[in-house]
Amino acid sequence: MIGGGQAGLAIGYYLRQQGCRFVILERASEFAPAWRERWDSLTLFTPRRYSALPGQPCPGDPDGYPTRDEVIAYLERYAETFQLPIELDSEVKKLEQDDGRFRLELDDRTITADQVVVATGPFQKPFVPKLAEGLSADVFQAHAVGYRRPKGVPDGTVLVVGGGNTGFQIAKELSTTHKVVLSVGSRQKPLPQRPLGRDLFWWLTKAGILNKSIESRLGRKLSTRDTLIGSSPRELKRRYGVELKPRAVDADGRKVRFEDGSELEVDAVIWASGYRPDHSWIRLPVFDDGRLRHRRGVTDVSGLYFVGLTWQYTRGSALIGWVRDDAEFIAEQIAAYQASKAPAAQKKVGAGAPAQARPDEGT
């Protein structure tokens, strides 16, 4: 298993239930690095009842919303509770096949495995538009992954670029201490956090929307649309005093130019411009022009799986409270693969192959 975040822990839970031999390799010195890299005040927009991995509820008020630090503590307890075999500081530099087995190259060793699950999630490579290069050196710049709190941003006018949930939440927080302008490239449909007194995800669950697969007509339609949860342009302007601008298209010195021709002089820019996948270390034929080819995480390369991808199968595939569904499915595929290979494996071991030659079966 590659990746010690929520997806890796979820499938680790199911593999542990199966009695499978596996190891979880995490590049960072602590697991769940994607959560640790988010800003301090981050609060999930899913209530605790919908923010848990399989086998262990998220502690606290089930209708309340967990903070970033709560989620990190929860994931730490989760790994400890189920005694998941996580190896930290173990970044996989290359994944390839050799003589029918997978070879994972790390800095200090090479691991071979019959099966591999890539659970690195959707937050891999922070994306910053090329126009950032036009800003002068005295303009403070940070991607959302490097933003922590308002005190870390210089005084003056702050431009937040990105009209998704991250951009809106950071703009709200910064508005208490800075003059903030939010650049929105494409409008997203705002949805209230608690319509009619119930959390939005309660309604989505009851309506079965979160279970609609990308193979369904509705799923395909929803997969191309992003939504704002608990925020809206009107609220941002009226309640927080944040000015809205269209897409940023150019930068020169301290000035940023927008799609409507207007300009803004800035002291700082926070790029809430999302992430891009980075699978350059995977040297296997599972990509078409850089796009992963799979069906619900199962690739054309036998024994190679993915879990935790955005819209891997449903809207919930990359959400902490729903990743369990894909994780359980992939764990079932792993068990079926092992069962199909069991006679050959027994014959190989019986012929004198040393047991340590297969240390990571099921990885």
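- In terms of modelled atom types and a separation under 3.5 Å, the side chain of His178 and the main chain of Val153 share a donor-acceptor contact.
- Leu174 is listed as a side-chain neighbour of Ile270, based on a closest heavy-atom distance under 4.5 Å.
- The environment of Arg194 atom CZ is dense: over 12 non-hydrogen atoms of other residues, nucleotides or ligands sit within 6.0 angstrom.
- The backbone N or O of Ile229 lies less than 3.5 Å from a partner atom in the side chain of Asn165, making a donor-acceptor pair.
- For Glu265 and Lys179, the salt-bridge test fails: no basic side-chain N is under 4.0 Å from an acidic carboxylate O.
- Taking both residues in full, the closest heavy atoms of Ile320 and Val323 are given as O-CG1, 3.7 Å, listed atom of the first, atom of the second, then distance.
- One finds a salt bridge joining Arg254 and Asp138 here, because a Lys/Arg side-chain nitrogen approaches an Asp/Glu carboxylate oxygen to under 4.0 Å.
- Nearest heavy-atom pair, Ala331 versus Tyr14, reported as atom, atom and distance to 0.1 Å: CB-CB, 3.6 Å.
- Between the side chain of Arg38 and the backbone N or O of Tyr147 there is no donor-acceptor pair closer than 3.5 Å.
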Pair Glu215-Arg295, salt bridge (Lys or Arg N to Asp or Glu O under 4.0 Å): steps then yes or no: CA-CA 10 Å; Glu215 297 173 353; Arg295 185 179 184 278; 3.0 Å; yes
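- Using a distance-only test at 3.5 Å, with no hydrogens or angles considered, no donor-acceptor pair links the side chain of Tyr313 to the main chain of Gly297.
- Heavy atoms only, all atoms of each residue included: Ile334 and Leu15 are closest at CD1-CD2, 3.9 Å.
- A salt bridge links Lys172 with Glu235: at least one charged nitrogen is closer than 4.0 Å to a carboxylate oxygen.
- A donor-acceptor pair is defined here as one N or O able to donate and one able to accept, closer than 3.5 Å; no such pair exists between the side chain of Gln333 and the backbone of Val298.
- Taking the six-membered ring where tryptophan is involved, the planes of Tyr50 and Phe201 are tilted, since the angle between them lies from 30° to 60°.
- Using a cut-off of 4.0 Å between Lys/Arg side-chain N and Asp/Glu carboxylate O, Glu87 and Arg109 are scored as salt-bridged.
- Within a 6.0 Å sphere centred on CZ of Arg77, other residues, nucleotides and ligands contribute more than 12 heavy atoms.
- The CZ atom of Arg68 sits 8.0 Å away from the CG atom of Leu42 when rounded to the nearest 0.5 Å.
- Looking only at distances, a side-chain donor or acceptor of Gln193 sits under 3.5 Å from a matching main-chain atom of Phe45.
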Glu30 vs Arg36, side chain to side chain contact (heavy atoms under 4.5 Å, CB included): CA-CA, chis, key distance, verdict: CA-CA 9 Å; Glu30 299 174 290; Arg36 298 177 192 276; 3.5 Å; yes
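- With hydrogens and angles ignored, the 3.5 Å screen pairs a side-chain donor or acceptor of Trp203 with a backbone N or O of Pro195.
- Note: Lys151 NZ to Thr177 OG1 = 10.0 Å, rounded to the nearest 0.5 Å.
- Between Tyr13 and Arg324 there is no side-chain heavy-atom pair separated by less than 4.5 Å.
- Other residues, nucleotides and ligands contribute at most 12 non-hydrogen atoms within 6.0 Å of the CZ atom of Arg239.
- Between the side chain of Ser232 and the main chain of Pro190, no donor-acceptor pair closer than 3.5 Å is present.
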CA sep, side-chain torsions, deciding dist, call: Thr314, Lys212, side chain to side chain contact (heavy atoms under 4.5 Å, CB included): CA-CA 6 Å; Thr314 68; Lys212 295 295 182 183; over 6 Å; no
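- Distance alone, capped at 3.5 Å, places no donor-acceptor pair between the Arg234 side chain and the Ser231 backbone.
- For the atom pair Asn211 CG and Ile209 CD1, the distance stands at 10.0 Å (nearest 0.5 Å).
- Counting heavy atoms from C-beta outward, Leu95 and Trp281 have side chains that approach closer than 4.5 Å.
- You'll find the side chain of Pro85 reaches within 4.5 Å of the side chain of Arg16, heavy atoms only.
- Listed for the Ser175 side chain is no donor-acceptor partner under 3.5 Å among the backbone atoms of Val180.
- For CG of Asp289, the number of neighbouring non-hydrogen atoms (other residues, nucleotides, ligands) closer than 6.0 Å is 12 at most.
- A salt bridge does not link Asp63 with Arg48: every distance from a Lys NZ or Arg NE/NH1/NH2 to an Asp or Glu carboxylate oxygen is 4.0 Å or more.
- Here CH2 of Trp271 is found 15.5 Å from OG1 of Thr166. Values are rounded to the nearest 0.5 Å.
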Chi angles and distances behind the side chain to side chain donor-acceptor pair (under 3.5 Å) call for Thr67, Asp69: CA-CA 5 Å; Thr67 64; Asp69 290 346; 5.5 Å; no
Full working for side chain to side chain contact (heavy atoms under 4.5 Å, CB included) between Leu75 and Leu53: CA-CA 9 Å; Leu75 295 177; Leu53 295 179; 3.7 Å; yes
CA sep, side-chain torsions, deciding dist, call: Asp199, Tyr65, side chain to side chain donor-acceptor pair (under 3.5 Å): CA-CA 10 Å; Asp199 181 81; Tyr65 301 89; 2.5 Å; yes
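- The closest side-chain heavy-atom distance from Val301 to Gln97 is below 4.5 Å.
- Within 6.0 Å of atom CG in Asp40, more than 12 heavy atoms from other residues, nucleotides or ligands are found, so the atom counts as buried in its surroundings.
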